[in-house]
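Following: one structure in structure tokens, then a few remarks.
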Amino acid sequence: MIIDIREQAFDPLNEIRQVVATQPSLRGKYGANAIFIGTMRDFNEGDHVESMVLEHYPGMTEMELGRIVDECVAPTPVLEVLVIHRVGQILPGDDIVLVSVWSAHRAAAFSACRNIMEALKTHAPFWKKERLSHGERWVSGNTPGDDCTPE
Amino acid sequence: MRVTVRFFAALRETIGSSEMTLDVGPDHDKSANARSIWEQATRMPPDPHVRVAINKTYADFDAPVVDGDEVAFFPPVTGG
């Protein structure tokens with residue numbers, strides 16, 4: 001399990017390649033790699049968003065993400081998990097979060113990836129503050145993960 | 001006893017403080033919990049939307065607090 005909180009922008013696909021390159025034991029053992037990448041939009045609730053600051057609770061964030069990953073992979077044969085989350089100043093188009101799960105077969109990878117992401121959304125101590133053209137505001141809540149209604 | 005109280009995000013701005021050290025009197029020692037710490041720190045009734053963590057682990061307002069604990073209060077999380 002690799003959990004990383006970053007203040008700098010990152011390239012998710014490069015991070016995934018690095019994990020595979022630095023863990024020779026993964027090669028030939030995984031047949032599925034499920035990936036979720038969350039990216040900052042330039043709109044929210046009908047407003048143009050210029051930038052965002054992501055605050056977190058250092059120490060608790062890492063502990064909580066570790067607990068979430070442990071809980072989500074326990075019932076599944078997962079080989080490796082990578083979670084990267086940005087904090088600090090973020091711009092539209094920046095990737096905010098990466099969840100990457102490797103397993104022998106797709107079912108475990110898909111389910112663990114989604115479950116980790118949903119638990120992160122509701123439990124990991126991060127808070128977004130948006131900068132708009134007419135001021136700032138805290139994001140009050142996350143959209144449900146099963147909400148497929150067009151915005 | 002002495003506890004560290006921390007506030008995050010919108011709550012930090014509302015309270016006007018990110019961290020404070022609270023001395024809880026001997027009368028409160030037996031019954032100190034996150035609710036009593038919140039009331040002493042904020043002078044406000046507990047807000048059902050506020051989340052509580054003790055020593056960086058989620059807890060309830062009813063959870064006991066002991067000397068040296070770090071008690072954090074924050075709004076619903078919005079990461080990801």
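Here is how names work: the chains are called A, B, and so on, in the same order as the sequence lines, proteins then strands, and each is numbered from 1.
- A distance of 6.5 Å separates CE of Met60(A) from OG1 of Thr57(B), quoted to the nearest 0.5 Å.
- Only one option out of Lys121(A), Lys129(A), Lys128(A) pairs with Thr78(B) in a side-chain contact (heavy atoms from CB on, under 4.5 Å); it is Lys128(A).
- Going from atom CZ of Arg12(B) over to atom CH2 of Trp127(A) covers 9.5 Å, rounded to the nearest 0.5 Å.
- Under the 4.5 Å side-chain heavy-atom criterion for ILVMFWY residues, a single connected hydrophobic cluster contains both Leu98(A) and Val20(A).
- Of all heavy-atom pairs spanning Tyr57(A) and Ala72(B), the tightest one is CE1-CB, 3.4 Å.
- Under a hydrophobic-cluster definition in which Ile, Leu, Val, Met, Phe, Trp and Tyr are linked whenever side-chain heavy atoms come within less than 4.5 Å, directly or via other members, Leu54(A) and Ile37(A) are assigned to different clusters.
- Using a 4.5 Å heavy-atom cutoff, the side chains of Phe74(B) and Glu55(A) are not in contact.
- Val5(B) and Val24(B) fall within the same hydrophobic cluster, where Ile, Leu, Val, Met, Phe, Trp and Tyr residues are linked whenever their side-chain heavy atoms come under 4.5 Å apart, directly or through other members.
- Heavy-atom distances place no part of Thr39(A) under 4.5 Å from chain B, backbone and side chain included.
- The minimum heavy-atom distance between Phe8(B) and His56(A), with the atom names listed, is CE2-O, 3.7 Å.
- No single ILVMFWY cluster, assembled from side-chain heavy atoms under 4.5 Å apart, contains both Ile116(A) and Val19(A).
- A 6.0 Å sphere centred on CZ of Phe110(A) holds no more than 12 heavy atoms belonging to other residues, nucleotides or ligands.
- Counted within 6.0 Å of NE2 on His105(A), heavy atoms from surrounding residues, nucleotides or ligands total 12 or fewer; the atom is thus considered open.
- In this structure, chain B has a heavy atom under 4.5 Å from the side chain of Met117(A), while its backbone stays farther away.
- Considering every non-hydrogen atom in both Ser140(A) and Pro76(B), the closest pair reads O-CB, 4.4 Å.
- By the criterion of side-chain heavy atoms lying less than 4.5 angstrom apart, applied directly or through intervening Ile, Leu, Val, Met, Phe, Trp or Tyr residues, Leu120(A) is grouped together with Val87(A) in one hydrophobic cluster.
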